Every structure is written in C-alpha cells, then in structure tokens.
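Everything quoted here is computed from the prediction, not taken from an experiment. We number each residue from 1, following the sequence as shown.
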Amino acid sequence: FAVEPKIVSTCPVELDELQRALTDVPDLVLPAESVDLSKALTEQLTFTEGDMEPPHWVAIARPASSSDVVTATAQLSEFLVSWPNLPPSAYSQPDPEILPAVKQMSETGDLLPFLAPPLVYRINVWMLGLSPDAADVEQQAQRTLTLEEADAPHKDLLYRQYDVPPSAYPDPVDYDEPTVTRLTWHLPTLPPDKTYRCTIEERFETNTSVHWWTPLLKSG
C-alpha cells in the first residue's frame, strides 16, 4: 500500500455524498470548497511531482448557541472543525499493473483480498496573526519595523495540535452505506484577537515502527 495517503484515480467515492459532507454544515464561519459533480474527483485536485496539494475541504463553524449566558459567552471563542471522512480505499489501491496477477492469486485462495489500512487524523491549528478588528491592530500598523523584521519571511505559528482517535469507516463492501461521512472536532478557547487556519494531516495506521504525517486537507 502507499506509504503516504493521497486520493487515487480509482477512488470509490460518490461525489454527491462528498458534496453533502462538505456543504451541509450549520453555523458556518468559513465554508469548505465544493466539488464539481460533473468531473472526476482526481481531475479537481492538483498534483505536484506526484504529491497531492491539500484541497480546501475543511469547514469552520460555530457550536450550537446556548441559552445559558455563561456558556454562550464562552462559545464566542469556540469553533468546530469538520472535514470529509473518506474510506481508506480512497487513499490506497493496488498498482493497476499488478492487478491481473493479484486477481489470479486471489482466485486460488492463497491471497486475501486487498484491504486498505485505516487512517489516523491529526488537526493542526495555525495562528496567522492579529484579527482585523483586534484592539492593537492600529498600533501594530503604525509601529516602524526593524530591518530584520522587514526582511524576515512571514511564517504561521503552529498554535495547537490534536491527534484524533481512530474512527469507524464505512464498509467498502456494503454499497448501501455512504462512502463519505463527516468528522467534527471541537476547538475550545481560541483567543478572539487572532486569526487562524486549520490543516488536517493523515497517516496509515500500520504496525511499522516509522510513521510520518501527510498534509491532506486544509481550510481556506
């Protein structure tokens, strides 16, 4: 299987289900990009030297409002991150060149059917800078930068990181079940005077001793 997960050309995903997972999010602050139902999924993605550029499939929303004043006040700095949960087979399939040989071996009963390993998610929250309506934005704008500050490249700050526990995936054999679900994670207490973005990293859950995370999705 692929060491780094990326959406394959034979991705067994219904585009209308993916579209619902991307758009049916209440109380949106920042929507995810929609997909074109008339084009193949891999034609809507960008690949650079074989690596997939993370699509803007991460939506940011507010939690459901509470009638309690204290809870409602706390919710002003809380957000919900949601993204489409594609089945593992969307990210890993056998090499098409060896499929005939794999099929022949499977028919003998000596080789089990291919089953993609499950995925594990990690959420990164990046701090971009001051919010446009922050109290000290004007003071920062009026401050004279040093030569070092002016020449320094702008870098986002990794503010928080969450490892999402392994989740259940749709059974790829049962075609009555949806191929895409939506996962949601609660982000508590982000300082309101800053701006942020989120990225989703994934890796295959395997027994190998070396793991690395692949950036797969991001917010706008």
Side-chain angles (χ1 to χ4, degrees), residues 1-37 39-63 79-93 116-128 155-170 172 178-187 190 195-206 211-220:
F1 54 85
V3 175
E4 295 185 6
K6 63 180 178 181
I7 295 178
V8 297
S9 58
T10 55
C11 174
V13 167
E14 297 292 338
L15 290 180
D16 57 341
E17 294 174 357
L18 175 58
Q19 179 75 340
R20 285 194 295 269
L22 291 170
T23 59
D24 290 354
V25 182
D27 301 320
L28 274 172
V29 175
L30 183 65
E33 285 187 351
S34 301
V35 293
D36 188 342
L37 302 182
K39 295 174 60 177
L41 185 58
T42 50
E43 294 179 5
Q44 305 179 52
L45 302 171
T46 302
F47 293 87
T48 304
E49 297 183 352
D51 295 329
M52 187 183 77
E53 296 292 330
H56 292 87
W57 288 356
V58 178
I60 311 296
R62 291 282 188 184
F79 297 90
L80 299 176
V81 180
S82 63
W83 66 95
N85 176 36
L86 278 61
S89 55
Y91 298 102
S92 178
Q93 291 287 335
L119 291 164
V120 182
Y121 294 100
R122 169 179 284 177
I123 302 172
N124 293 324
V125 181
W126 301 86
M127 182 183 293
L128 307 183
K155 293 184 178 180
D156 301 338
L157 173 66
L158 181 58
Y159 182 65
R160 286 183 186 166
Q161 196 169 67
Y162 303 92
D163 286 344
V164 181
S167 305
Y169 294 89
T179 57
V180 183
T181 56
R182 183 171 61 240
L183 293 181
T184 302
W185 189 265
H186 177 245
L187 299 179
L190 293 178
T195 57
Y196 308 88
R197 67 179 177 91
C198 289
T199 57
I200 305 295
E201 296 180 328
E202 300 181 16
R203 67 172 176 82
F204 288 116
E205 187 179 19
T206 64
H211 294 133
W212 60 84
W213 296 87
T214 300
L216 215 64
L217 308 172
K218 63 183 178 181
S219 64

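- Separation of the Y121 and W185 ring centroids does not fall under the 6.0 Å cut-off.
- With sequence neighbours excluded, the residues satisfying side chain to side chain donor-acceptor pair (under 3.5 Å) with E53 are T48.
- Annotation: the span from L187 atom CG to Y159 atom OH amounts to 10.5 Å, rounded to 0.5 Å.
- Residues passing the side chain to side chain donor-acceptor pair (under 3.5 Å) test with Q161 are N124, sequence neighbours excluded.
- For V13 against P87, the heavy-atom pair with the smallest separation is CG2-CD, 4.2 Å.
- Taken to the nearest 0.5 Å, the CD1 atom of I123 stands 11.5 Å off from the NE2 atom of H186.
- A pairwise comparison of heavy atoms in P117 and P88 identifies O-CB, 3.2 Å as the closest pair.
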From CA spacing to verdict: side-chain contact (heavy atoms from CB on, under 4.5 Å), L18, W57: CA-CA 10 Å; L18 175 58; W57 288 356; 3.9 Å; yes
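- Rounding to the nearest 0.5 Å gives a distance of 9.5 Å between CG of L190 and CD1 of I60.
- Using a 4.5 Å cut-off on side-chain heavy atoms (C-beta onward), W83 and V164 make contact.
- For the atom pair F47 CZ and T42 OG1, the distance stands at 6.0 Å (nearest 0.5 Å).
- Pairing each heavy atom of S82 with each of T184, the nearest pair is CB-OG1, 3.6 Å.
- Across all their heavy atoms, S92 and F204 have their closest contact at CB-CZ, 3.7 Å.
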Output a table of donor-acceptor pairs, distance under 3.5 Å, between side-chain atoms of residues 19-37 and any protein atom two or more places apart or on a different chain; print 'none' if there are none.
unit_1: Q19; atom_1: OE1; unit_2: V35; atom_2: N; d: 3.0
unit_1: T23; atom_1: OG1; unit_2: Q19; atom_2: O; d: 2.7
unit_1: D36; atom_1: OD1; unit_2: S38; atom_2: N; d: 2.9
unit_1: D36; atom_1: OD1; unit_2: S38; atom_2: OG; d: 2.6
unit_1: D36; atom_1: OD2; unit_2: S38; atom_2: OG; d: 3.4

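- By the side chain to side chain contact (heavy atoms under 4.5 Å, CB included) test, L157 pairs with M127, sequence neighbours left out.
- Partners of D163 under the salt bridge (Lys or Arg N to Asp or Glu O under 4.0 Å) rule, at least two apart in sequence or in another chain, are R122.
- Across R203 and W213, no two heavy atoms sit closer than the pair NE-CZ2, 3.5 Å.
- Considering only heavy atoms from C-beta on, P54 stays 4.5 Å or farther from L216 through its side chain.
- One distance of note links OG1 of T181 with CD of E17; it measures 10.0 Å at 0.5 Å rounding.
- The two residues L217 and V58 make their nearest non-hydrogen contact at CB-CG2, 3.7 Å.
- Applying the salt bridge (Lys or Arg N to Asp or Glu O under 4.0 Å) definition to pairs two or more places apart or across chains, none involves residues 211-220.
- In this structure, CG in L41 is found 5.0 Å from CD1 in I7, a value given to the nearest 0.5 Å.
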